[in-house]
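Count residues from 1 along the sequence. Whatever order the structure lists them in is the order used to number ligands and atoms, beginning at 1. Please read these numbers as outputs of a predicted model, since none were measured by experiment.
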Amino acid sequence: SALVQIRNLVKTYGEGEAETRVLKGLDMTLEESDLAALLGPSGSGKSTLLTILGTLMQPTSGEHVMLGQDLTQAGDGELTEFRNRHIGFVFQFHHLLPDFTALENVVFPTAISDGRETAQARKRGAQLLERVGLGHRIDFRATQLSGGQKQRVAIARALMNQPELVLADEPTGNLDRESAEQVMALIREINEDENTTFLISTHDEKIAAACRRQIKVVDGKTASA
Ligand code: ADP
Ligand code: ADP
């Protein structure tokens, strides 16, 4: 069944003569356990769409429902709580804290949103680092890890709260071919084993082909690629 439903989504930036309409009545459905690539030329609105799906920005108009909840009607506090519980993020640049260990990087964001760092959270963090193939690196500082390893830490961090949806903005854009394919293989495994839905924006055709389906943003709307 549908995890996310977007209907007639419009997003404009600026006002008056400076107004730019980026999303022009976009429709999209993400199913539970989906693994979709988000394609489209630079400037087509992929980041805008991911930002709205991540509840970090409201659309100008349209419908955004996730887990049965109408998010366009939700207030800021409600959105923050919803995001912390249900959505994980992976970015092109890993955004790890360089002087902290892999485990600390995985556990800290949750500790901040919960207001405490529990033994249970550390245990889950360590399990997730095992899961992404970094069980032998949990106490390494971020600066001691390779690019591919750092991005795998970022994936473990995104999974900490068992999100239903992970939004990944060019997650392999900064990696060499081999590391990119390892990261994508890991995403596929997690998608299959945990039924986590992934939406992955990418310019990389091989990465897009490794997803179950491709969604393309063309002129502010979606088309099957
Ligand atoms: P993509 O991720 O596909 O490259 P973006 O969503 O980043 O596309 O950008 C789509 C369009 O919206 C671009 O023309 C960009 O210049 C414009 N845009 C993005 N963010 C803003 C903003 N905060 N203010 C004004 N224009 C923006
Ligand atoms: P992978 O492909 O598994 O992500 P690499 O082949 O890039 O890893 O790195 C091989 C090994 O070198 C790894 O065990 C990693 O910890 C180590 N390494 C990579 N970059 C650095 C660095 N800047 N400082 C210390 N060790 C590093």
Report summary line: min-distance protein heavy atom vs atom 6 (O) of ligand 1 -> Thr48 OG1, 2.6 Å
Requested in this report: Quick one: do Leu96 and Arg157 satisfy side-chain contact (heavy atoms from CB on, under 4.5 Å)? Show the steps, please.
Outcome: CA-CA 10 Å; Leu96 300 186; Arg157 179 182 57 189; 3.6 Å; yes
**Report entry** Closest protein heavy atom to atom 8 (O) of ligand 1, given as residue, atom name and distance to 0.1 Å
**Finding:** Gly45 N, 3.1 Å
Query - atom 12 (O) of ligand 1: the protein heavy-atom neighbour that sits closest, reported with distance to 0.1 Å - result: Val22 CG2, 3.2 Å
Report task. Scan the protein's non-hydrogen atoms and note whether one is under 4.0 Å from atom 16 (O) of ligand 1. Result -> no
Requested in this report: Might you confirm whether atom CD of Glu19 has over 12 heavy atoms from other residues, nucleotides or ligands at distances under 6.0 Å?
Outcome: yes
Query raised in the report: Out of curiosity, is Ser42 lining ligand 1, as in a heavy atom under 4.0 Å away?
Result: yes
Query raised in the report: Below 4.0 angstrom, N of the basic side chain to O of the carboxylate: do Asp204 and Arg177 qualify?
Result: yes
Report summary line: closest protein heavy atom to atom 4 (O) of ligand 1 is Gly43 N, 2.7 Å
Query raised in the report: According to the interplanar angle, ranging from 0 to 90°, do the rings of His95 and Phe91 count as parallel (below 30°), tilted (30 to 60°) or perpendicular (above 60°)?
Result: perpendicular
**Report entry** Salt bridge present between Glu194 and Arg131 (N-O < 4.0 angstrom)
**Finding:** yes
Report task. If you have a sec, work out which protein heavy atom is nearest atom 7 (O) of ligand 1 and how many Å separate them, to one decimal? Result -> Ser47 CB, 3.6 Å
**Report entry** Heavy atom of the protein closest to atom 19 (C) of ligand 1 (residue, atom name, distance)
**Finding:** Tyr13 CE1, 3.4 Å
Query raised in the report: Looking only at heavy atoms of Gly40, does any of them come nearer than 4.0 Å to an atom of ligand 1?
Result: no
**Report entry** Residue-ligand contact Ser201/ligand 1, heavy atom below 4.0 Å
**Finding:** no
Query raised in the report: For ligand 1, which atoms, with element, lie under 4.0 Å from some heavy atom of Pro41?
Result: 3 (O)
Query raised in the report: Linking I/L/V/M/F/W/Y whenever their side-chain heavy atoms sit closer than 4.5 Å, directly or via other members, would Leu53 and Leu67 fall into one cluster?
Result: yes
**Report entry** Heavy-atom neighbours of Asp193 CG exceed 12 at 6.0 Å
**Finding:** yes
Query raised in the report: For atom 22 (C) of ligand 1, is some protein heavy-atom partner under 4.0 Å away?
Result: yes
Query raised in the report: In terms of heavy-atom contacts, does CD of Glu205 have more than 12 from other residues, nucleotides or ligands at under 6.0 Å?
Result: no
